[in-house]
Trainee: 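Here's a structure for you.
Side chains included, hydrogens not; waters and symmetry mates left out as well; all remaining heavy atoms used.
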Amino acid sequence: MTASTAPPSAPLLTIRGLSKGFLGVQALDGVDFTLRHGEIHALLGENGAGKSTLIKTLTGVYQRDGGTVALEGREIAPRGVEEAQRLHIGTVYQEVNLLPNLSVAENLFLGRQPMRWGLVDRGAMRRRARAVLHPYGLSIDVTAPLGRFSVATQQIIAIARAVDMSAKVLILDEPTASLDAQEVAVLFRVMRTLRSRGIGIVFVTHFLDQVYEVCDSITVLRNGRLVGERRTADLPRLDLVAMMLGRELEAAAHRIDIGPAELDSRPPLASFKGFGKARSVEPFDLDIRPGEVVALAGLLGSGRTETVRLVFGMDRADKGEATVDGQAVRLKGPRDAVRLGFGFCPEDRKKEGIVGELSVRENIILALQARQGWLKPIPRRRQEEIADRFIRLLDIRTPDAERPIQLLSGGNQQKALLARWLATEPRLLILDEPTRGIDVGAHAEIIRLIERLCADGMALLVVSSELEEIVAYSRRVVVLRDRRHVAELRGGEVSVERIVAAIASETPNVEVRQ
Amino acid sequence: MTGALQRFLPLIVTTAVLVVGFLICAAQFPNFASWRVVANLLTDNAFLGITAVGMTFVILSGGIDLSVGAVIGFTTVLLAVLIEHGGWHPVPAFAVALIAAGGFGAAMGGVIHVFQMPPFIVTLAGMFIARGLGFVLTTDSVPINHPLYGELNDMALRFDFGLKLSLPALLMLGVVVAAVVLAHWTRFGANLYALGGNRQSAELMGVPVARTTVAVYGLSGLLAGLAGIVFSLYTGAGYSLAATGVELDTITAVVIGGTQLTGGYGYVVGTFVGVLIQGLIQTYITFDGSLSSWWTKIAIGVLLFVFILLQKGLLVVWAGRGGEPAEA
Amino acid sequence: ADKKLVVGFSQIGSESGWRAAETKTAKAEADKRGIDLKISDAQQKQENQIKAVRSFVAQGVDAIFIAPVVATGWDSVLKEAKEAKIPVVLLDRQIETKDQSLYMTAVTSDTVHEGRVAGEWLAKQTGGKCAVVELQGTVGSSPAINRKKGFDEIVAKNPGMKIVRTQSGDFTRAKGKEVMESFIKAENGGKGICAVYAHNDDMAVGAIQAIKEAGLKPGKDILVVSIDGVPDIFKAMSEGEANATVELTPNMAGPAYDALIAFKKDGKAPPKWIQTESALFTPDTAKAEYERRKDAY
Amino acid sequence: MTLSAPGPSRNLPQYGALIAVLLANWLLFPDFFAIRLQDGRLFGSLIDVLNRGAPVALLAVGMTMVIATRGVDLSVGAVMAISGAIAATMTGAGWSLPAVLAASLAAGLLCGLWNGLLVAVLRIQPIIATLILMVAGRGIAQLVTEGQIVTFTSPALAFIGSGSFLTVPMPVVLTIVVLAVTALLVRATALGLMIEAVGVNRLSSAGAGVNTPVVLVAVYVWCGLCAAVAGLIVTADIRGADANNAGLWLELDAILAVVVGGTSLLGGRFGLVLSVVGALIIQSMNTGILLSGFKPEFNLIVKAGVLLVVLLLQSPTLTLFLPRPKGARPIGTVKPPVAPTSGGAKP
Ligand SMILES: Nc1ncnc2c1ncn2[C@@H]1O[C@H](COP(=O)(O)OP(=O)(O)OP(=O)(O)O)[C@@H](O)[C@H]1O
Ligand SMILES: Nc1ncnc2c1ncn2[C@@H]1O[C@H](COP(=O)(O)OP(=O)(O)OP(=O)(O)O)[C@@H](O)[C@H]1O
Ligand SMILES: [Mg+2]
Ligand SMILES: [Mg+2]
């Protein structure tokens, strides 16, 4: 990596009047953006504001409709990612965009493999891959296929790759969405080191704490337009939120009012005894009562996702039994779970959640239709009503319900998935990292909605890396470590400190998987 | 189980299936376990093996090439017409044929990329065109009588223990080795796997999609051209209907060899084993010699099914239930 | 007591009724002579035939019969058979080779001659004046090429005869019918057509149906002449719907066995070409011929 | 796959191409559109297009749904041969028409079931799973006929091939009926949605509670049934079962028809009627070649040329140049393939 030679005062990257339109949507409308040397610059805005589009247009994934981009004063117009990379701009796009079939090392060095005698030097590649991952505390088998690793690990690998390539500009589009606090701390340490070398970093996130922790300045977009640029230090949090939403955020959500005593007196909706699967999760006991929010907390790879996959029948348990309403039930697949009134928003929405080419409407009614069976089609009118209701309720930003869901911004896809399950009026809703990629405004809305549903008797099982979020709405927290349920906190015991304490006895930061 | 073993498991399983199959045949027929049968397997399937290598690359990149059989046919006709009617020396004729076949493949790749058309259809049209061009050149089967053909046909590598490797067999082995290097020790190879893994991600990671697409179809065309040369050596003639249906044989070999048709997963060596398995099935049926035309077809289908089941079964047994669900 | 003779027979496939009959006859004739016949079906592919011949050599059979799918491309594999001292007999089609010693004998009809016989019959029947539509076999296949060639010779000799339309019907009934349908439309509802010449009987049977469905009378409004002599065409002839066929006997293997046995016994080499008859059949004998053939097929 | 808004403009290339090919035929052959009655049955080149296009159109109907699930069925040609062989042999043996039809259709159903189980339960890649039956099926058909062309004289069965209903040839009638039933089955129920969902993302669909194995098996079974009907028509038409040649290579024509009709081989959105239009485009092309009097050597080249033009008209790249609102760049049109590493993924 070479440090930049230009004087630090001159802007590193200057964007003027950048515009980009898609069929029926003006995603970017004359946006200006300036990135200086040695600066971490937050790019903020609601879901669908145009952040990812700005990044993709800047790096040549999309061809811009208008505007100029200058790197160190020289105009650039990359026609593809390859060209952007040659200009020393490294990017982590939203969602993990690596190749599951290639090894970790091949992913890290795709297109820039170390060569010897005209051939790829695989030994050197392995060695360098280990070195590149070292600062992140990731000591994994770099020859294993990337697909074997969890989303979070893949995310770190994507970051490491971009960092290793970006001698001038590093762009990170929601890199922290699936990371836990410890990983985020590591990432920030790396970002600060790069900043001290004069590299400019563009950082997109929906976690405002993170913005105030590392960013020097903030640019806010709304509906494809520039709202303004500020120094972080000069912008109080409430003002920032107002800038993003164009309005004040209503008071933060409150804890649900039902006391633990009353909840415990209810008969459990679903209960799992000695439930588990070899090589996946140790057998565990879990009761979920109507109206209750149970959260699963733990580090990366601690088995949270695998626990909820078992509960929903996505993976088949080989031990233990499940009962619903006191009746023993079989959970041989998601279909059984859906019939029992369960719903599940998976962690990897692109792979396991959305049906990309189908419309928002079809995605929303899919689970409801599947439960009704193919012989009883939901009439088109009714489908539209349901879709429109949830589009309004969750504020899904889409020109209309007929747009293929893959064209929505990441956060809006997540909301549509939530709508899919809410439409089935589930008795138990399972959410794996539910607010991942969702903006502050929508975040508050969704939490309020969840509370209302719980008040109506729905139970919720949540996996989240946001401990504050967990504390904000759950009455019971199950803590996992090394694929084992190690502690359960109830009612008044639930606090960030106690969760952390339960997690942190010994914390090997290694990928346990595969 | 170590990571490497697990990754090569499909390959190991496929090879084991081949060996088991060969042993069964050898136990059943007296003359089966001979170097002659081994040499025949290699020589008779040389053109198929060379084509299948190209097909492996195309499939790894997430595409498919239905034109290969027709390109083989066209190449044999082109060679025959150039050498016999045009009086050319075979060597420049070979060069022209390779350039034509490679260029044809690259053109299809270009169409696929630029117009975003499905490879299945573009190469199907390519198949029509190549076959049609062959017909236009001549519908007759033209014998090639150039002395070089005789010399090349007599060329062989003889081993003391009795194995005789003909030129086509040697060419195929060379192509397989070169292809392994290309797939795993060059950037082009990595780009291929990347493209097949996920085109969109590959593009976002800076893989030159256009260049790679054109190159991989060009390569497939080139290898089909080479297979055409081998075929014309093998038969000493050019014939526009030669190698009909070879595209399906090739795809079958590739898939038996453990490559995923969706792209991104598989090995060239697996394809080589797949070709041999197919050859073994045919040899078995010929040695048996009692099957009528229809029982032959049924037997091929059943054996194909058995091989795929064996492969899947062994994978499940060895990898355990937690293993990846490999698709045969 | 001699060892049983083992013969490997590389058959093309079973693409037509005639071909299946040839295989059936070969088996029956082998049984008659106590020969162990190993049949390999090439599924219409030359490369499979070559593989089969190689396997036969590896197996060490006493003789190899080949019904070659195409005329060229046999030299190198036949050389292997010759080196292994295994005599080769060609059935029903000739091959093109400069080295005639590569095979012992060929039992075939003359496909060019078949075309000629059909043409001559038509010329005589129509007084040399006829607008013919032609249903070709599979493009590029040698019977299609030769049967066209022989017929064309006769057309060239008769200025009044003309081939007005020619298309490939792939040797199948379905394609023969489809092609004939469009010929009828293209030639003024069939009024412009005096006869149809089909490269095999199956296409002729398809064409007869097309003619009937167009409201014309096959055999009268449009003459039908074809080649092979399968039972169905005799049936059509006995019903007056077809006019002539040139027989291609399915018993190719019989004479070949005889030649082989004679050769094995006293080393007497048979003639290079054992030609089967290309007899022309017309409706007068059709009924009897149908009965005679029914079971061979 | 196009991401443009659904609407009439999406179908324009197909209908346009059909009209263009028909007009070209008319230029080559002025009587192309002439139709008259012949023995109470419509008669003319245009009718030939419909009549001869019927088998491929039927195959295309079944194939469309298989392709929509991201599969492919190579065995349809062989299934045609099997159903035809059974029909002709049973008719020859004196069975009544209902029994013959039931047996033939049951054979198609069984074949589809076999394919569906291989794909959905054993998780064999569709192209290979159906290749097994493509090879063996023709053998089974020949086993039934013992390699002969089995002819029959029963006018009842022949009626399916060359009879007519209200002057419309039976093959055309049957195609319309099958198309209508299929369309009703998928569009009046939620089956169509499930098929598309499974095709786009099998994992996500399963996660939403869609019974993916049943959807897959159903689709292959239906495809087998359609092929059986096509086989009956072809056999009835020539009054004989030609096990070796019936439906030979028609699987490719059927796939072609589906793709020309705009359904992506990567699964997802499908259009039944458009697939039938695709089949008609192909048949118009074939009939045009026959009427034109070109030498048969040129058939394939002409076919490839027309095909490329038709497909180019649908290319997302070219549609960008048409006067339409700005569309997404092709990169946005690439479907993210499902990584086969995870539990339920299936190529
Ligand atoms: N390829 C595309 N085709 C059509 N519309 C698109 C495409 N990509 C994005 N859009 C639209 O452009 C707008 C901006 O999307 P973008 O992804 O930039 O939002 P974002 O700010 O990154 O949101 P999020 O925080 O949810 O990721 C959205 O309305 C989206 O639907
Ligand atoms: N059977 C499976 N098939 C495919 N992926 C799986 C399977 N089981 C779990 N995963 C994936 O493996 C990853 C790790 O899951 P695990 O439960 O070990 O971690 P976690 O505690 O949820 O932590 P995180 O998901 O934050 O890494 C998850 O991304 C999950 O989606
Ligand atoms: Mg975004
Ligand atoms: Mg998780």
Side-chain angles (χ1 to χ4, degrees), chain A residues 56 59-61 78 80-86 89-103 105-113 115-122 125 140-148 158 161-162 165 277-280 315-316 318 350-351 356 406 514, chain B residues 1-10 59-62 113 177-178 180-213 258-267 319-327:
Chain A
K56 287 189 174 168
T59 52
V61 178
V81 178
E82 199 193 0
E83 205 176 323
Q85 287 175 0
R86 256 187 276 122
I89 302 176
T91 315
V92 175
Y93 295 94
Q94 193 175 4
E95 321 283 347
V96 185
N97 277 298
L98 295 180
L99 296 157
N101 57 325
L102 299 190
S103 74
E106 283 166 330
N107 266 289
L108 284 169
F109 291 99
L110 188 64
R112 53 196 191 101
Q113 295 91 336
M115 305 295 272
R116 198 174 49 174
W117 303 323
L119 295 178
V120 173
D121 183 349
R122 298 181 74 92
M125 194 161 86
I140 52 176
D141 175 9
V142 294
T143 62
L146 180 98
R148 294 260 169 82
R161 174 186 147 89
M165 277 189 315
K277 183 178 180 209
R279 283 189 274 179
S280 174
D315 296 334
R316 244 206 259 175
D318 54 12
K350 204 157 102 182
K351 203 171 93 187
Q406 63 189 352
Q514 94 85 31
Chain B
M1 166 172 323
T2 72
L5 185 58
Q6 196 166 355
R7 231 163 322 130
F8 291 118
L9 192 60
I59 291 181
L60 279 178
S61 81
H113 177 78
V177 171
V180 170
V181 173
L182 190 65
H184 301 291
W185 279 276
T186 66
R187 285 192 180 158
F188 174 71
N191 289 344
L192 272 187
Y193 277 92
L195 211 56
N198 185 333
R199 208 191 113 107
Q200 205 176 3
S201 294
E203 198 159 354
L204 290 180
M205 289 175 80
V207 171
V209 174
R211 208 173 344 125
T212 312
T213 308
T259 297
Q260 301 253 345
L261 268 177
T262 37
Y265 295 86
Y267 298 98
R321 290 204 56 84
E324 291 172 42
E327 309 252 340

Trainee: With only heavy atoms counted, which part of A:Q85 is less than 4.5 Å from chain B, the side chain, the backbone, both or neither?
Mentor: side chain
Trainee: Can you tell me which portion of A:R86 sits under 4.5 Å from chain B's heavy atoms? Options are side chain, backbone, both or neither.
Mentor: neither
Trainee: Less than 4.5 Å apart, side chain to side chain, heavy atoms only: is that true for B:Y193 and A:L99?
Mentor: no
Trainee: Can you measure from CG (B:N198) to NZ (A:K351) and round to the nearest 0.5 angstrom?
Mentor: 11.5 Å
Trainee: So which part of A:L98 gets closer than 4.5 Å to some heavy atom of chain B, the side chain, the backbone, both or neither?
Mentor: both
Trainee: Assess whether atom CZ of A:R122 is packed by more than 12 heavy atoms of other residues, nucleotides or ligands within 6.0 Å.
Mentor: yes
Trainee: Most heavy-atom pairs under 4.5 angstrom with chain B, which of A:L102, A:T91, A:T59?
Mentor: A:L102
Trainee: Chain A heavy atoms under 4.5 Å from B:V209: which part of the residue, side chain, backbone, both or neither?
Mentor: neither
Trainee: In terms of heavy-atom pairs under 4.5 Å with chain B, which of A:R112, A:E83, A:K56 leads?
Mentor: A:R112
Trainee: Kindly say whether B:L204 contributes a backbone atom to a donor-acceptor pair with the side chain of A:N97 at under 3.5 angstrom?
Mentor: no
Trainee: Quick check on A:D121 against chain B: is it the side chain, the backbone, both or neither that has a heavy atom closer than 4.5 Å?
Mentor: neither
Trainee: So which atom in A:Q113 and which in B:R187 form the shortest heavy-atom distance, rounded to 0.1 Å?
Mentor: O-NH2, 2.6 Å
Trainee: Among the options B:P208, B:A202, B:A194, B:A190, pick out the one with the most heavy-atom pairs lying under 4.5 Å from chain A.
Mentor: B:A194
Trainee: Quick one: closest heavy-atom pair of B:M205 and A:V81, and the distance?
Mentor: C-CG1, 4.1 Å
